[in-house]
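Presented below is the structure to which this report refers.
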Amino acid sequence: MNTQAPVIAIKNLHKAYGALEVLKGVDITAPKGHVISLIGSSGSGKSTLLRCCNLLEDSQQGEIIFKGEPVLWNGNGHGRRPADAEQVLRIRTNLSMVFQQFNLWAHMTILQNVMEAPVTVLKRDRAQVEEAARNYLDKVGIGDKCDVYPAQLSGGQQQRAAIARGLCMEPEALLFDEPTSALDPELEQEVVRVIKDLAAEGRTMMIVTHDMKLAADVSDHVVFLHQGLIEEQGPPETLFGAPKSERLRGFLSATQAA
């Protein structure tokens, strides 16, 4: 694969649920080592865009290109589906998704949760995966919680376990879908700290967030979506410091007032 190609490139992406058009032709590029934040009101298409990236949702039109390799499709419009199941699996395992609601297996310990996908999906050596999993749990600050179950952890600890699980796949990029919105403010800061550390390491990330401070602090590029289109985008200092569009100014003043 072309090592100079962006990790993710999306061109003219359209996504609809029946007659409801959620994405109306969106272009986004995530170069290696860059953090891209997606902001906008509820219903603007941010989470849908992330799920289309990871092929959890099928889009009706446009290209999704992973490290220079376009996703192959069969059919058109609402009948369009990925053509190559092996390609989908390869891309999906290289784009680790961290969800708003943690999605940890309740019947497994934290260590088992982190190890499960690398062992069962990627068929990696169990002993090597366990060593990596323990390292990643240390990295996110919960190395002492390996043998407890998700219900015994706070929300912030569960989300950090979910991040360790994503990292243990050794992905090309991490996709965060509102990683802090289910958390109380003090627990939110634990997760923000981990995301900032990952950004400082130069990891490729796409983050859907309602936290403008997080977006301003960690992003190389911020995209403001409005009703399924990119209204404005650019470096965080420009977007937050000197927004050009009336809609973005309104959105930022509403988030500051909240």
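Quick caveat: nothing in here was measured; it's all calculated off a predicted structure.
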*What's the shortest heavy-atom distance between V218 and K196, and which atoms?*
CG1-CG, 3.5 Å
*Of all residues at least two apart in sequence or in a different chain, which pass the salt bridge (charged side-chain N to carboxylate O under 4.0 Å, His left out) check with E231?*
R247
_CA sep, side-chain torsions, deciding dist, call: L49, V223, side-chain contact (heavy atoms from CB on, under 4.5 Å)_ = CA-CA 12 Å; L49 179 61; V223 176; over 6 Å; no
What pairs of donor and acceptor atoms, side-chain ones from residues 138-152 against any protein atom, are under 3.5 angstrom apart with sequence neighbours left out?
unit_1, atom_1, unit_2, atom_2, d
K139, NZ, E201, OE1, 3.4
K139, NZ, E201, OE2, 2.3
Q152, OE1, Y149, N, 2.8

*Looking only at heavy atoms, which two atoms of I10 and V26 are closest? And how far apart?*
CG2-O, 3.4 Å
*Step by step, would you call H34 with V7 a side-chain contact (heavy atoms from CB on, under 4.5 Å)?*
CA-CA 9 Å; H34 283 226; V7 177; over 6 Å; no
*asked:* When you measure from the side chain of R80 to the backbone of W73, do you find a donor-acceptor pair of N or O atoms at a distance under 3.5 Å?
replied: no
*Could E69 and R90 be called an ion pair, given the rule that one side-chain N must be under 4.0 Å from one carboxylate O?*
yes
*Answer yes or no: is there a donor N or O on one side and an acceptor on the other, between the side chain of Q60 and the main chain of G79, under 3.5 Å?*
no
*Please examine the side chains of M212 and F240, heavy atoms only from C-beta on, and report whether any two atoms are closer than 4.5 Å.*
yes
_Criterion side chain to side chain contact (heavy atoms under 4.5 Å, CB included) against C168, the qualifying member of L122, N135, V129_ = V129
*Taking D220 for the side chain and V35 for the main chain, is one N or O donor matched with an acceptor at less than 3.5 Å?*
yes
*Is the backbone of P243 close enough, under 3.5 Å, to the side chain of E232 for a donor and an acceptor to pair up by distance?*
no
*With no hydrogens and no angle check, is any side-chain donor or acceptor of K46 less than 3.5 Å from a backbone partner on S41?*
yes
*Would you say the side chain of E172 lies within less than 4.5 Å of the side chain of K32, judging by non-hydrogen atoms?*
yes
*Pick out which of D211, D217, T209 makes a side-chain hydrogen bond (donor to acceptor under 3.5 Å, both in side chains) with K213.*
D217
_Under 3.5 Å donor-acceptor, R126 side chain and K123 backbone_ = no
*Under the 3.5 angstrom rule, does the side chain of S44 hit a backbone N or O of G228 as a donor-acceptor pair?*
no
*asked:* Under a 3.5 Å distance rule, please check whether K15 uses its side chain to pair with a backbone N or O of D58 as donor and acceptor.
replied: yes
_Counterpart residues, ring-ring contact (aromatic ring centres under 6.0 Å, His included), relative to F176 (two or more places apart)_ = none
*Ion pair present between R249 and E246, side-chain N to carboxylate O less than 4.0 angstrom?*
yes
*Looking only at atom types and distance, does a side-chain atom of D125 sit under 3.5 Å from a main-chain N or O of A127, one as donor and one as acceptor?*
yes
_Working note: I28 + M206, criterion side-chain contact (heavy atoms from CB on, under 4.5 Å); need CA distance, chi angles, decisive distance, verdict._
CA-CA 10 Å; I28 284 187; M206 282 180 68; 4.0 Å; yes
